[in-house]
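Positions are given from 1 along the sequence.
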Amino acid sequence: MAPLHGKFKTFKNSRWLVFVCAMWIQSFAGIGYLFGSISPVIKSTMGYTQRQVAILGVAKDLGDAIGFIARYLSEIIPSWGLLAIGTVINCLGYGLLWLIVSQKIVALPLWVLCIAIYVGTNGETFFNTAALILCVQNFPKSRGPVVYAGLSGAIISQIYAMFNAPSNASLIFMIAVGPSMVVIALMFIVRPVGGHRQVRPGDNAGFTFTYSVLPCSGSLFVGSYNS
């Protein structure tokens, strides 16, 4: 049992495990890229003009771009706290948007939807900030292990298509809960594990292999969704 426990402890504290989990978080964190998929149902359900939909798009872009709050909080709270905040605001923002669009609650003014989509999309900055900072901390000699968050749109859309949901409003619900479920499952694994003490000569080969496989995976997701 002792050797097995030792191997499990080594695996749990492996920076490559943290790296893979960070990849999964970022792979589900690009929720802002799905606006083009949910904007038609928002427009039709709410009776908005294209100008009003464009205003919503601006609010979404602001939520995606304003990440200084997450960066500041990363200096004073642990990574799991940062991911927890992102989870809460992602659920609140897109959860409210889903309730409105699916007509579970009374229709609210456009400015309320703008706030909701801003807050929900801003959760992405917390996910990405935590994942990227931890990867840099764990790989100080190989800075820049990044997963393109744009893959998230293809991944979530493909999962949504598998369920063959009757309304695109269901996609908004998936955006509200899907990334949060992934983050909650991995939030205590993605953490600093003393990367400066784990530097190995084979790190470059490991990154080369990872980056060779990743584009192929992204192409399979996109190709499967487009077909």
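With contacts defined as side-chain heavy-atom distances shorter than 4.5 Å, the pair Ile117/Tyr94 qualifies. A 4.5 Å side-chain heavy-atom check between Leu82 and Ile133 finds every atom pair outside the cut-off. No side-chain heavy atom of Ile175 sits under 4.5 Å from any side-chain heavy atom of Trp98. Side-chain contact between Ile69 and Phe126: present, with at least one pair of heavy atoms (C-beta onward) separated by less than 4.5 Å. Contact of the Phe35 side chain with the Val53 side chain is registered, since non-hydrogen atoms from C-beta on lie closer than 4.5 Å.
Of all heavy-atom pairs between Leu171 and Ser37, the closest is CD2-CB, 3.6 Å. Scanning both residues, Met187 and Trp80, for their nearest heavy atoms gives CE-O, 3.1 Å.
Taking a 6.0 Å sphere around CZ of Phe188, one finds it holds more than 12 heavy atoms contributed by other residues, nucleotides or ligands.
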Compile the donor-acceptor pairs under 3.5 Å between side chains in residues 177-185 and protein atoms, sequence neighbours left out, one pair per line.
{"residue": "Ser180", "atom": "OG", "partner": "Asn90", "partner atom": "ND2", "Å": "3.0"}
{"residue": "Ser180", "atom": "OG", "partner": "Ala176", "partner atom": "O", "Å": "3.4"}

When the side chains of residues 103-114 are checked against the rest of the protein, which donor-acceptor pairs come out under 3.5 Å, sequence neighbours left out?
none

Exercise answer: donor-acceptor pairs, residues 54-64 side-chain atoms, under 3.5 Å, sequence neighbours excluded:
{"residue": "Lys60", "atom": "NZ", "partner": "Gly32", "partner atom": "O", "Å": "3.4"}

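Taking Ile, Leu, Val, Met, Phe, Trp and Tyr as hydrophobic and joining them when side-chain heavy atoms fall under 4.5 Å apart, one finds Val88 in a cluster with Leu92.
Residues meeting the side-chain contact (heavy atoms from CB on, under 4.5 Å) test with Val101, sequence neighbours left out: Val41, Ile42, Thr45, Leu97, Ala169, Ile172. Qualifying side-chain hydrogen bond (donor to acceptor under 3.5 Å, both in side chains) partners for Thr125, counting only residues two or more places apart in sequence or in other chains: none.
For residues 72-100, every residue pair satisfying the salt bridge (charged side-chain N to carboxylate O under 4.0 Å, His left out) rule, not counting sequence neighbours, is listed here: Arg71-Glu75.
Rounding to the nearest 0.5 Å places OG1 of Thr121 at 7.0 Å from CD of Glu124. One finds the CD1 atom of Ile25 at 8.5 Å from the CG atom of Leu134 (value rounded to the nearest 0.5 Å).
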List the steps, then state whether side chain to side chain contact (heavy atoms under 4.5 Å, CB included) holds for Ile85 with Ile77.
CA-CA 11 Å; Ile85 293 174; Ile77 63 175; 3.8 Å; yes
